[in-house]
Each structure stands twice: as structure tokens, then as C-alpha cells.
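Next up is a structure, given as C-alpha cells.
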Amino acid sequence: MLNSPYRIGNLGNPGMTPQVPYGSPYPAYPVPPMSTNKPMPMPVPMPSGTQFPPAGGPQTGVNVPGQLPMEQSYIENILRLNLGKIATIYMTYENNSQWNAKIFKGKLEAAGRDHIIISDPATGMRFLLLMVNLDYITFDEELNYMYPYTGGVGPQR
């Protein structure tokens, strides 16, 4: 290894000239020592009681038990405020040879971040619909909707 033509730099052999591999366009540089006597920087401790904001960003408004947080007016939260109501759900399925668009009507049973569950009141059949295919939803009655700045739950027009 001491006489290897592929060795770069002077690896602990004082007095030896660094060797450069044949045809290498890069000059040979001495390799710095692996350990130094400098102390490693220590992490700075945080004062006790330090609190960080939640990962989702700063929270605004007052959260009331049993109600959704005021700043979250996402589709799934709006649907959860209206469980039990009859909804007409319009879905689009791209590149489908049998049907490109489909309409589902039923009682709103549940809603999650990526899905909606409705049931047909006449047959009791349940449908699990994916939000990725959702175009829009209509209701035949007023909605319960909590907008972040209104401070309450109730019909909003």
C-alpha cells in the first residue's frame, strides 16, 4: 500500500513526496490528520419550560371541547359537522372506459381526510368514496359550518 500509485497525499510518511496516479488531472494534496485536539462544540441547552408551536403552525382562536378547532375549515371537518344529512356527491373518474363521472346520493355517515362514507337510506348499502375523485357536494338543507372568524357553529350563508 505504501507504494500504491493510487494513493493520494502523504499518509503519515514524512519526507515522502505525494504520489499522483498516472494521468490524474488533480494534484495530490496532503491529507489532514483525522483527529484534532480541539473540543467538539456542545449543544446549547434550552431553558426549562420552553414551548414550541405545534407542527401545523400557530393555533388561533379558542378550542371548545366537543367542537372542531376554529381554524380548521377543511372539507372533512365541514362534512363532520353535517353528519346524518342527505348529500349528493359528484365524482369524476379519469380514464375510466365504463363511466367517467358518477353521482352518489345518501346519508352522510362519516368523513375522513381522504374519504367519505355515505349510506343509501332505502337499501342500507354503504359507499366508501375517495376524496381524490370528489368534484363537489350538494345538500338540500342548510349546513352547519364553522368559519374560523365567526366564532360559532350554525348555518352560515
Side-chain angles (χ1 to χ4, degrees), residues 6-9 11 21 24-157:
Y6 301 105
R7 189 169 58 92
I8 298 176
L11 301 175
S24 173
Y26 305 106
Y29 294 102
V31 177
M34 291 301 288
S35 66
T36 62
N37 291 332
K38 289 191 261 180
M40 295 291 292
M42 296 299 291
V44 177
M46 296 299 291
S48 64
T50 302
Q51 294 183 2
F52 296 97
Q59 299 291 319
T60 59
V62 177
N63 294 335
V64 179
Q67 294 182 357
L68 299 171
M70 290 176 59
E71 67 278 353
Q72 295 183 4
S73 63
Y74 299 110
I75 293 173
E76 75 250 26
N77 291 338
I78 297 167
L79 292 175
R80 286 182 193 137
L81 289 171
N82 293 281
L83 295 179
K85 295 185 178 182
I86 301 296
T88 306
I89 302 174
Y90 298 83
M91 310 286 275
T92 303
Y93 301 90
E94 293 183 32
N95 301 321
N96 189 314
S97 60
Q98 294 178 353
W99 34 268
N100 184 309
K102 192 158 178 148
I103 300 170
F104 297 88
K105 187 165 187 165
K107 180 180 171 186
L108 190 56
E109 298 283 340
R113 184 170 286 183
D114 64 347
H115 67 278
I116 303 169
I117 299 175
I118 61 171
S119 64
D120 182 350
T123 64
M125 178 171 273
R126 288 185 166 73
F127 298 90
L128 173 64
L129 306 171
L130 301 180
M131 288 277 200
V132 70
N133 299 15
L134 178 65
D135 290 327
Y136 64 95
I137 303 173
T138 61
F139 292 86
D140 292 334
E141 58 185 295
E142 289 190 40
L143 296 178
N144 291 324
Y145 179 66
M146 184 174 55
Y147 192 72
Y149 306 110
T150 62
V153 175
Q156 301 291 322
R157 297 179 193 171

task = Might you confirm whether atom CD of Glu141 has over 12 heavy atoms from other residues, nucleotides or ligands at distances under 6.0 Å?
result =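 Atom CD in Glu141 is packed in, count exceeds 12.
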ask   = Mind checking whether Leu83 and Glu109 have side chains closer than 4.5 Å, heavy atoms only?
value =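 With C-beta onward as the side chain, the pair stays apart.
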ask   = Just wondering, do Met91 and Asp135 contact through their side chains at under 4.5 Å, heavy atoms?
value =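 A side-chain contact under 4.5 Å is absent here.
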query = Any sub-3.5 Å donor-acceptor pair from Arg80's side-chain atoms to Ala111's backbone N or O?
reply =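 A pair under 3.5 Å: yes.
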task = Could you tell me whether the side chain of Asn100 and the main chain of Asn96 form a donor-acceptor pair under 3.5 Å?
result =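 Not at all, since once roles are kept as given, no pair shorter than 3.5 Å links the two residues.
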query = Is any NZ, NE, NH1 or NH2 atom of the basic residue among Lys105 and Asp140 found under 4.0 Å from an Asp or Glu carboxylate oxygen of the other?
reply =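 Salt bridge: yes.
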key: Within 6.0 Å of NZ in Lys107, more than 12 heavy atoms from elsewhere   =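 For Lys107, atom NZ is not crowded (no more than 12 foreign heavy atoms under 6.0 Å).
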Nearest-0.5 Å distance that lies between atom CD1 in Ile103 and atom OG1 in Thr138 =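 The OG1 atom of Thr138 is 8.5 Å from CD1 of Ile103, to the nearest 0.5 Å.
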query = Taking only residues two or more places apart in sequence or in another chain, which ones pass salt bridge (charged side-chain N to carboxylate O under 4.0 Å, His left out) with Asp114?
reply =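 Salt bridge (charged side-chain N to carboxylate O under 4.0 Å, His left out) check on Asp114 returns nothing, list empty.
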ask   = Once you round to the nearest 0.5 Å, how far does NE2 of His115 lie from CD of Glu76?
value =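 Atom-to-atom, His115:NE2 and Glu76:CD are 9.5 Å apart.
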query = Under 4.5 Å between any side-chain heavy atoms of Leu108 and Phe139, yes or no?
reply =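 Touching, per the 4.5 Å side-chain cut-off.
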query = Just by modelled atom types, is the Pro121 backbone N or O under 3.5 Å from a matching donor or acceptor in the Ser119 side chain?
reply =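 No.
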request  = Output the distance between atom CD (Gln98) and atom OH (Tyr93), rounded to the nearest 0.5 Å.
outcome  =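 Separation between the atoms: 12.5 Å.
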ask   = Can you check whether Leu134 reaches Ile89 side chain to side chain, under 4.5 Å on heavy atoms?
value =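 Contact flag for Leu134/Ile89 side chains = yes.
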inquiry  = What I'd like to find out is whether the side chain of Phe104 reaches to under 4.5 Å of the side chain of Thr88, using heavy atoms alone.
reply    =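 No, too far: nothing below the 4.5 Å cut-off.
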request  = State the CD1-CZ distance between Ile118 and Arg126, to the nearest 0.5 angstrom.
outcome  =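 Ile118 atom CD1 to Arg126 atom CZ measures 11.0 Å (nearest 0.5 Å).
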key: Ring geometry between Tyr136 and Tyr90 (parallel below 30°, tilted from 30 to 60°, perpendicular above 60°)   =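 Geometry flag for Tyr136 against Tyr90: parallel rings.
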query = Mind checking whether Leu79 and Ile137 have side chains closer than 4.5 Å, heavy atoms only?
reply =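 They are in side-chain contact.
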ask   = At what distance, to the nearest 0.5 angstrom, does CG of Asn77 lie from CG of Asn82?
value =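 Nearest 0.5 Å value for the CG-CG distance: 11.0 Å.
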